[in-house]
Amino acid sequence: MPAATATAAVDPARVHAHLIKSSSDDRALYNKLITLYSRSSATIPDALRLFHRLPFAPTPVSWTAAVSALSSDPVAAVRLFLSMLRGPCRPTQATLSSLLKSLSLSSPPLLSAALQLHSLSLKLALSRLPFSGTALVAFYSKARHPSDALKAFDDLPHKDEVCYAAAIVGMAQNRRPTCALSLFAAMRAAGVASTVFSVSGALRAVAHLAALEQARVVHAHAIVAGLEPDLVVSTALVDAYGKSGLVSDARMVFDALLPDANLVTWNAMLSGYAQQGDSESTVKLFDEMLERKIAPDDFSFLAVLTAWSNAGLVAVFLGGTLEDCREFYHGFNGR
DNA sequence: GTAGGGTTAG
């Protein structure tokens with residue numbers, strides 16, 4: 001996280017003090033400062049206090065920075081957005097993207113608010129711009145409205161790699177793997193570069209389809225495009241190979257990235273073995289995971305149970321909690 | 001100066 005570290009290294013209060021002393025009214029710097037406050041160890045109230053005391057009338061950029069500072073509190077963000085609409089500033093695609101993302105982070109995503117933002121963005125001719133358009137695609141995907149996501153995507157006159165990635169991932173997330181893969185093919189046919197985002201999305205779709213040929217094709221593409229070293233791409237590869245029944249291929253990718261593997265990677269490898277009913281390899285890998293001090297979670301235990309179940313080792317296991325699984329596992333292995 | 005996209009299960 002070099003970006004976050006770099007941001008944290010700047011003390012917004014010092015910059016702020018300097019601005020006040022030099023009685024500067026550098027708008028760009030003040031707007032940047034709102035963002036700095038909201039992202040540093042300083043708090044959101046600090047960012048908002050600055051926004052309300054700017055030495056100039058807030059610009060659309062100031063408003064967007066403030067709305068964005070409130071992204072963890074969608075209702076507060078929408079309230080601030082409404083005060084913006086009461087004044088002379090009109091929202092830009094940046095404002096809408098930020099708000100839509102904030103609405104999507106709520107669980108469940110705030111659909112009715114997003115529909116109103118969509119409507120507003122149509123009136124302001126913002127829905128076909130790259131950032132707000134992509135934010136719509138992503139929002140509808142997260143809200144489990146894949147056909148609306150596709151409509152928003154189709155509406156985009158200039159499709160770049162980010163909106164393709166959003167659409168591919170969105171379809172994969174909504175269990176429309178064939179659609180996701182057609183979009184991936186369309187992206188490549190259009191000469192739009194693939195990214196770690198679109199490739200990991202395509203691999204998720206491959207995993208759902210258990211399409212072993214496609215797994216190899218996308219893997220080859222990832223290598224050629226130089227995206228294989230990415231941890232998420234590799235993890236998605238482990239999963240896609242595992243789901244396709246090519247566990248030894250999964251293991252090769254897994255071993256190659258082992259020092260960097262995270263919990264998700266381990267779980268993907270575990271469930272690959274588990275799906276085969278290879279309980280020996282599953283348990284062996286699980287123990288290796290414990291030795292490396294990686295704390296298993298629900299996914300890990302589920303994989304072990306699946307392995308036993310698929311190997312016919314467990315007749316019935318109903319209604320268990322994670323704790324039950326833990327006990328069961330330790331009991332089974334005699335410790 | 002503000003702003004959009006990622007992996008494990010079901």
Side-chain angles (χ1 to χ4, degrees), chain A residues 26-36 38-39 47 51 54 56 58-69 71 84 89 91-102 104 126-127 129-139 141-142 149 152-153 156 159-173 175 180 183 187 194-208 227 230-240 242-243 250 253-254 257 261-272 274-275 296-303 305-306:
Chain A
D26 183 331
R27 295 175 186 214
L29 214 46
Y30 267 102
N31 291 335
K32 174 84 185 159
L33 196 52
I34 296 173
T35 307
L36 278 180
S38 70
R39 288 183 190 167
F51 169 74
L54 289 174
F56 53 87
T59 66
V61 175
S62 325
W63 281 103
T64 302
V67 163
S68 179
S71 60
M84 176 184 188
C89 289
T92 66
Q93 58 164 341
T95 328
L96 288 173
S97 321
S98 178
L99 261 181
L100 282 167
K101 177 156 192 182
S102 163
S104 77
L126 298 173
S127 64
L129 297 182
F131 277 76
S132 39
T134 301
L136 284 168
V137 173
F139 178 87
S141 298
K142 286 186 187 124
F153 174 78
L156 291 174
K159 297 178 170 60
D160 64 10
E161 71 274 9
V162 183
C163 75
Y164 265 113
I168 291 164
V169 169
M171 293 309 109
Q173 285 169 340
R175 293 217 161 232
L183 284 165
M187 177 182 82
S194 55
T195 64
V196 291
F197 300 96
S198 51
V199 167
S200 47
L203 286 169
R204 183 174 178 172
V206 168
H208 283 150
L227 304 174
D230 184 85
L231 179 59
V232 176
V233 168
S234 290
T235 299
L237 264 171
V238 170
D239 185 51
K243 292 259 193 341
V253 177
F254 178 80
L257 64 87
N262 63 16
L263 181 57
V264 180
T265 320
W266 283 87
N267 288 345
M269 192 63 238
L270 283 172
S271 63
Q275 199 183 272
D297 67 356
D298 312 38
F299 289 86
S300 330
F301 284 102
L302 184 64
L305 287 169
T306 306

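Below, chains carry the letters A, B, ... as their sequence lines are ordered, and counting in each starts from 1.
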Inset, instruction - If a pair satisfies side chain to side chain donor-acceptor pair (under 3.5 Å) and one of its residues is in residues 197-208 of chain A, list it, with sequence neighbours excluded. - result: A/Thr195-A/Ser198
Legend entry - Per-nucleotide protein contact string for nucleotides 4-10 of chain B (B base, S sugar-phosphate only, - none; heavy atom under 4.0 Å): BBBBBB-
Legend entry - Check against side-chain hydrogen bond (donor to acceptor under 3.5 Å, both in side chains), A/Thr64 and A/Thr95: CA-CA 5 Å; A/Thr64 302; A/Thr95 328; 2.8 Å; yes
Legend entry - Phosphate-side-chain proximity, A/Thr95 and B/dA3, N/O vs OP1/OP2 below 4.0 Å: no
Inset, instruction - Begin with the C-alpha distance, continue with both residues' side-chain angles, and end with the deciding distance and a verdict on side chain to side chain contact (heavy atoms under 4.5 Å, CB included) for A/Val169 and A/Ser141. - result: CA-CA 8 Å; A/Val169 169; A/Ser141 298; over 6 Å; no
Inset, instruction - Would you mind reading off the distance between A/Ile34 atom CD1 and B/dT2 atom P, rounded to a whole angstrom? - result: 10 Å
Inset, instruction - Under the side-chain contact (heavy atoms from CB on, under 4.5 Å) rule, collect the residues that match up with A/Pro58, sequence neighbours excluded. - result: A/Phe51, A/Leu54, A/Ser62, A/Trp63
Legend entry - Pair A/Tyr164 + A/Phe153: ring centers closer than 6.0 Å: yes
